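Predicted model, so just to flag it, every value in this text is computed and none were measured.
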Amino acid sequence: MFTHAALMGDLVASEQASDKVRLHELFNATVHLANQRHRHVVSSPLTITLGDEFQGLCTTFSAAVAIMREMRWRLLQETVQCRFVVGLVAIHGPVNAKAAWNMVGEGLSGTRQKIEDKRDPSVYRFHIPGDPVTELLLNALGGELTEAEAAWTNRQREMMLAYFETKDVAAAARRLGVIPSGGYKLRSAARHLQYESKWSVVAEAAELIDERIAA
């Protein structure tokens with residue numbers, strides 16, 4: 001019986017960063033903010049295990065997916081690349097409510113293996129023990145989302161990031177110093193509807209996974 005969703009992340013090519021101190025500060029700030037904003041669904045806080053990696057436990061798969069997306073977009077604002085994985089786990093024994101280490105359980109090693117696969121270009125990865133079909137489909141969607149983001153121009157990415165925060169095209173356009181119609185054009189060029197439809201499928205699948213576990 002699965003008890004939690006593990007969320008892990010790993011900065012991409014952090015050793016090649018020109019300003020490692022700034023990168024470390026941004027990474028720490030992002031992890032800290034995620035813990036603060038989502039403390040009601042974080043069972044074991046997101047914890048930086050090495051200088052460029054973190055891990056934590058969430059109460060549901062849906063919560064872990066939402067936090068993953070938020071962290072990804074926050075880091076993208078600073079053009080920082082990070083790969084993530086969400087995996088189902090069954091923790092044996094007490095959950096460490098202070099830091100995400102010194103715990104044992106099924107699914108942890110499989111989730112860790114997903115994040116350590118440097119051959120996979122996707123930044124959104126998933127591990128569903130016992131359900132290879134769902135895992136395969138979610139990882140395919142993760143790959144498509146990664147490709148969509150990689151295809152954005154700098155301006156399109158700025159618009160998508162601004163819209164993600166404001167949920168208002170006009171407000172996002174003002175941030176970029178363009179008129180609303182220009183904002184709509186940028187959002188359309190970024191294939192916003194297709195991108196969001198894929199995220200909707202991921203979110204719906206996450207809710208179904210949660211329902212199945214709770215049953």
Checklist entry - Less than 4.5 Å apart, any side-chain heavy atom of V65 and any of Y124? => result no
Checklist entry - Is any side-chain heavy atom of H127 closer than 4.5 Å to a side-chain heavy atom of Q113? => result no
Next on the checklist: Under 4.5 Å side-chain heavy-atom separation, chaining through any Ile, Leu, Val, Met, Phe, Trp or Tyr, what else clusters with V169? Say none if it is isolated.
Outcome noted: M159, Y163, L176, V178, Y184, L186
Next on the checklist: Please determine whether residues M103 and V42 belong to a single hydrophobic cluster, defined as Ile, Leu, Val, Met, Phe, Trp and Tyr linked transitively by side-chain heavy-atom distances below 4.5 Å.
Outcome noted: no
Show me the side-chain donor-acceptor pairs of residues 94-101 shorter than 3.5 Å, one per line, residues at least two apart or across chains.
residue	atom	partner	partner atom	Å
N96	OD1	K98	N	2.9
N96	OD1	A99	N	3.2
N96	ND2	A99	O	3.1
N96	ND2	W101	O	3.3

Checklist entry - Out of R125, M71, K114, which one pairs with F84 under the side chain to side chain contact (heavy atoms under 4.5 Å, CB included) rule? => result M71
Checklist entry - Do W199 and F164 have ring centres separated by under 6.0 Å? => result no
Checklist entry - For the salt bridge (Lys or Arg N to Asp or Glu O under 4.0 Å) test, which of R191, R157, R72, K198 pairs with E149? => result R72
Checklist entry - Rounded to the nearest 0.5 Å, how far does CD1 of I91 lie from CG of L108? => result 4.5 Å
Item to check | Shortest non-hydrogen separation from V80 to L11 and the atoms involved | outcome: CG1-CD2, 3.7 Å
Next on the checklist: For A151 versus Q156, what's the shortest heavy-atom pair and its separation?
Outcome noted: O-OE1, 4.1 Å
Checklist outcome for this item: Here the gap from I115 atom CD1 to F54 atom CZ, rounded to the nearest 0.5 Å, amounts to 7.5 Å
Item to check | Flag if over 12 foreign heavy atoms under 6.0 Å of CD, E204 | outcome: no
Checklist entry - So, D210 side chain and F61 main chain: donor-acceptor pair closer than 3.5 Å or not? => result yes
Checklist entry - Would you call E25 and R22 a salt bridge, using N to O less than 4.0 angstrom? => result no
Checklist entry - What are the two closest non-hydrogen atoms of L46 and G56, and how far apart are they? => result CD2-CA, 3.8 Å
Checklist entry - Is V41 linked to V85 within one hydrophobic cluster, defined over Ile, Leu, Val, Met, Phe, Trp and Tyr using a side-chain heavy-atom separation of less than 4.5 Å? => result no
Next on the checklist: If you compare all heavy atoms of A64 against all heavy atoms of V86, which two are closest, and at what distance to 0.1 Å?
Outcome noted: CB-CG1, 3.6 Å
Checklist entry - Which residue pairs pass the side-chain hydrogen bond (donor to acceptor under 3.5 Å, both in side chains) test with at least one member in residues 136-148, sequence neighbours excluded? => result S122-T146
Next on the checklist: Are the side chains of E53 and I48 in contact, using a 4.5 Å heavy-atom criterion?
Outcome noted: no
Checklist outcome for this item: For T30 and L75, the nearest pair of non-hydrogen atoms, with its separation, is OG1-CD2, 3.5 Å
Checklist entry - Is any side-chain heavy atom of D10 less than 4.5 Å from a side-chain heavy atom of C82? => result no
Checklist entry - Applying salt bridge (Lys or Arg N to Asp or Glu O under 4.0 Å), which residue pairs with at least one partner in residues 179-188 are found, sequence neighbours left out? => result none
Checklist entry - What distance separates T60 OG1 from I213 CD1, expressed to the nearest 0.5 Å? => result 9.0 Å
Item to check | Any donor-acceptor pair under 3.5 Å from Q55 side chain to M8 backbone | outcome: no
Checklist outcome for this item: Closest heavy-atom pair, V89 versus G107, reported as atoms and distance to 0.1 Å, is CG1-C, 3.6 Å
Next on the checklist: To the closest 0.5 Å, what do you measure between CG (L57) and CG (L7)?
Outcome noted: 9.5 Å
Checklist entry - side chain to side chain donor-acceptor pair (under 3.5 Å) between N28 and H24: does it pass, once the steps are laid out? => result CA-CA 6 Å; N28 272 268; H24 184 67; 3.0 Å; yes
Item to check | For H38, ring pair (Phe, Tyr, Trp, His ring centres under 6.0 Å) partners two or more places apart | outcome: none
Checklist outcome for this item: For residues 167-178, the side-chain hydrogen bond (donor to acceptor under 3.5 Å, both in side chains) pairs (sequence neighbours left out) are E165-R175
Checklist entry - About how many Å separate OG of S200 and CG of L141, when rounded to the nearest 0.5 Å? => result 11.0 Å
